[in-house]
Novice: 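Pasting in a structure now, in structure tokens, and then I'll have a few things to ask.
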Amino acid sequence: MINAPSTDELKDIHHKMVVTRELEEVLGAYAKEGKTRGPIHRCDGQEAVGVAACAALRADDYVCTTHRGHHVYVGKGLTTRGIVAEIFGRETGYCKGRGGHMLLGDVKTGMLGGNAIVGAGIPAATGMALSMQILKQDRVSMVVFGDGAAQTGICHEAMNMAGLWKLPVIFVLENNQYGLTVRQEVQSPVEDLSVRAAGYAMPGEIVDGNDVEAVYRAVAAAAERARRGDGPTLIEAKTYRVKGFSTSDMGGYQSEEEMAPWLERDPIKLSAEKLSALVGADTVAAIEAAARAEVAQAFETALSDPFPTFEIHAPSAAYSETK
Ligand SMILES: Cc1ncc(C[n+]2csc(CCOP(=O)(O)OP(=O)(O)O)c2C)c(N)n1
Ligand SMILES: [Mg+2]
């Protein structure tokens with residue numbers, strides 16, 4: 001099959017999805033006890049989008065994401081320990097504890113940031129793609145963004161420019177069907193947001209966002225197209241937000257009937273079934289146990305890491321004179 005992930009890649013994707021899920025579950029427990037620094041935007045049920053999309057890219061490609069980006073951080077190869085340390089504000093975190101869970105970035109791995117400003121990753125990735133084109137590199141940039149972000153003005157400005165200049169950018173629209181408490185059909189006059197791609201002369205495709213292989217193949221094809229110089233692609237990954245907007249969400253607006261089929265199609269469950277057929281259930285169980293142990297170890301070490309220290313500087317003479 002064209003652009004299909006190898007068995008080793010499927011094993012790595014499964015490992016990273018379980019790391020992400022475990023991370024979310026442990027963070028959820030810490031948040032319940034009031035031990036996180038503010039609410040956490042969990043990506044449970046959406047792991048296949050971030051992890052499989054990153055798996056289809058090269059290590060030197062650039063990626064950015066949203067306030068709900070733990071699957072992208074893990075997918076792009078950041079260490080679990082560094083992620084946990086950043087979320088808990090430790091000096092050993094990726095941004096030395098100054099960024100936190102929404103603003104985590106790491107230039108070395110090409111993970112150029114989560115973003116708390118809805119839609120802001122879209123022009124950022126477009127700008128990265130412009131730099132790659134000007135520098136005549138064969139790299140690509142990718143942004144994972146939400147259905148709510150797709151309604152912002154900057155999304156359309158960026159896509160227009162990307163289509164016009166054939167920039168090597170991949171727009172992965174993670175349609176989890178909600179922006180805060182608002183269902184997607186109340187935000188948009190079209191059900192399939194991918195149709196908007198036609199307005200910017202780029203291909204628009206819908207994929208099952210809970211199927212790692214579907215996500216991987218679509219992103220791999222889009223990356224090939226971008227590296228050939230044929231420009232951007234919009235991939236709408238249909239998925240579902242199973243844990244509410246954030247750990248401070250009171251809930252009550254996502255019905256059990258609406259959620260049930262999505263829980264049934266949990267991406268980790270689907271991946272485990274497919275992978276078991278390829279490598280056997282014992283190997284899958286060992287991958288999952290290793291992923292959980294990695295997260296437990298990350299919490300243990302990161303939470304004994306030091307907090308940053310701050311020096312308070314006296315205002316400079318120049319500053320004092322302007323007062
Ligand atoms: C520019 C801007 N407007 C509004 C907000 C408040 N806000 C935070 S998340 C969010 C909804 C985002 O929905 P979506 O893009 O679908 O992402 P999801 O939370 O579903 O992952 C809003 C409106 C913000 N952070 N930034
Ligand atoms: Mg959404």
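Whatever order the structure lists them in is the order used to number ligands and atoms, beginning at 1. Every heavy atom of this structure was used, including side-chain atoms; hydrogens, water molecules and symmetry mates were not. We're numbering straight along the sequence, starting at 1.
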Novice: Just to confirm my output: which protein heavy-atom neighbour is closest to atom 3 (N) of ligand 1, and how far is it?
Specialist: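 So the nearest neighbour among protein heavy atoms is Val118 CB, 4.3 Å.
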Novice: Output the list of atoms in ligand 1 that are nearer than 4.0 Å to some heavy atom of Ala116, sorted by atom number.
Specialist: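 Going through ligand 1 atom by atom, the ones under 4.0 Å from Ala116 are 24 (C), 25 (N), 26 (N).
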Novice: Looking at ligand 1, is there an atom of it that comes within less than 4.0 Å of some heavy atom belonging to Asp147?
Specialist: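 Checking ligand 1 against Asp147, which is what was asked, there is a heavy-atom contact under 4.0 Å.
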Novice: Can you tell me if Gln46 and Tyr240 form a side-chain donor-acceptor pair at under 3.5 Å?
Specialist: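 No donor-acceptor contact under 3.5 Å links the two side chains.
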Novice: Just checking, any donor-acceptor pair under 3.5 angstrom between side chains of His15 and Glu288?
Specialist: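 Judged by distance alone, the side chains do not pair up.
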Novice: Considering the heavy atoms of Asn176, write down every atom of ligand 1 situated less than 4.0 Å from one of them.
Specialist: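 The list of qualifying atoms is 18 (P), 20 (O), 21 (O).
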Novice: Among all protein heavy atoms in this structure, tell me which lies nearest to atom 11 (C) of ligand 1, with the distance rounded to 0.1 Å.
Specialist: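 Going by distance alone, atom 11 (C) of ligand 1 is nearest to Leu180 N, 3.7 Å.
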Novice: Below 3.5 Å, N or O to N or O, backbone or side chain included: is there any such pair between Arg241 and ligand 1?
Specialist: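 Between Arg241 and ligand 1, no N or O pair is found under 3.5 Å apart.
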Novice: Tell me, which N, O or S atom in Asp147 is closest to the Mg ion (ligand 2)?
Specialist: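 Nearest N/O/S atom of Asp147: OD1.
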Novice: From Tyr178, does some N, O or S atom reach closer than 2.8 Å to the Mg ion (ligand 2)?
Specialist: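 It does: Tyr178 brings an N, O or S atom closer than 2.8 Å to the Mg ion (ligand 2).
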Novice: Tell me: protein heavy atom nearest atom 15 (O) of ligand 1, and distance?
Specialist: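 Nearest neighbour among protein heavy atoms for atom 15 (O) of ligand 1, to 0.1 Å: Ala149 N, 2.9 Å.
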Novice: With a heavy-atom distance limit of 4.0 Å, tell me whether His41 approaches ligand 1 through its side chain, its backbone, both, or neither.
Specialist: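 It is neither part, as no heavy atom is under 4.0 Å.
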Novice: How about Tyr73 and Tyr94: are their ring centres within less than 6.0 Å of each other?
Specialist: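 So the answer is no for these two rings.
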Novice: Does only the side chain of Tyr178 get under 4.0 Å from ligand 1, or the backbone, or both, or neither? Count heavy atoms.
Specialist: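 The answer is the backbone of Tyr178.
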Novice: Spell out, yes or no, whether Leu167 and Phe171 are grouped together once hydrophobic residues are joined by side-chain heavy atoms under 4.5 Å, including indirect joins.
Specialist: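 Same cluster.
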Novice: Among protein heavy atoms, which sits nearest to atom 21 (O) of ligand 1, and what does the distance come to when rounded to 0.1 Å?
Specialist: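 Nearest protein contact, heavy atoms only, for atom 21 (O) of ligand 1 is Arg68 NE, 2.8 Å.
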Novice: Parallel, tilted or perpendicular: which one describes the rings of His41 and His67, with boundaries at 30° and 60°?
Specialist: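 The rings of His41 and His67 stand perpendicular, inter-plane angle above 60°.
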Novice: Is any NZ, NE, NH1 or NH2 atom of the basic residue among Glu264 and Lys269 found under 4.0 Å from an Asp or Glu carboxylate oxygen of the other?
Specialist: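 A salt bridge links Glu264 with Lys269.
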Novice: Answer yes or no: does an N/O atom from Ile117 fall short of 3.5 Å to an N/O atom of ligand 1?
Specialist: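 Such a contact does not occur with ligand 1.
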Novice: Run Leu27 and His70 through side-chain contact (heavy atoms from CB on, under 4.5 Å) and show every step you take.
Specialist: CA-CA 11 Å; Leu27 284 172; His70 295 169; 3.6 Å; yes
Novice: Hey, does Gly179 come in under 3.5 Å of ligand 1, counting only N/O atoms on both sides?
Specialist: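 Checking ligand 1 against Gly179, no N or O pair falls under 3.5 Å apart.
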Novice: Tell me, which protein residue and heavy-atom name are nearest atom 17 (O) of ligand 1, and how many Å apart are they?
Specialist: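 It is His67 CE1, 3.5 Å.
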Novice: Where is the tightest heavy-atom contact between Gln184 and Asn175, given as atom of each residue plus distance?
Specialist: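 Shortest heavy-atom separation between Gln184 and Asn175 comes out as OE1-ND2, 3.1 Å.
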Novice: Starting at CD of Glu294, measure out to CG of Leu23 and round the result to the nearest 0.5 Å.
Specialist: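 That separation rounds to 10.0 Å.
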Novice: Is any side-chain heavy atom of Lys96 closer than 4.5 Å to a side-chain heavy atom of Glu86?
Specialist: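 No, side chains not in contact.
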Novice: Please confirm whether Gly148 comes within less than 3.5 Å of ligand 1 when only nitrogen or oxygen atoms on both sides are compared.
Specialist: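 Yes.
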Novice: Just say parallel, tilted or perpendicular for the rings of Phe299 and Tyr30, cut-offs at 30° and 60°.
Specialist: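 Taking Tyr30 first and then Phe299, their aromatic rings lie parallel (interplane angle under 30°).
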Novice: I'd like to know if the Mg ion (ligand 2) has an N/O/S atom from Asn176 within less than 2.8 Å of it, counting both backbone and side-chain atoms.
Specialist: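 Under 2.8 Å: Asn176 contacts the Mg ion (ligand 2) through an N, O or S atom.
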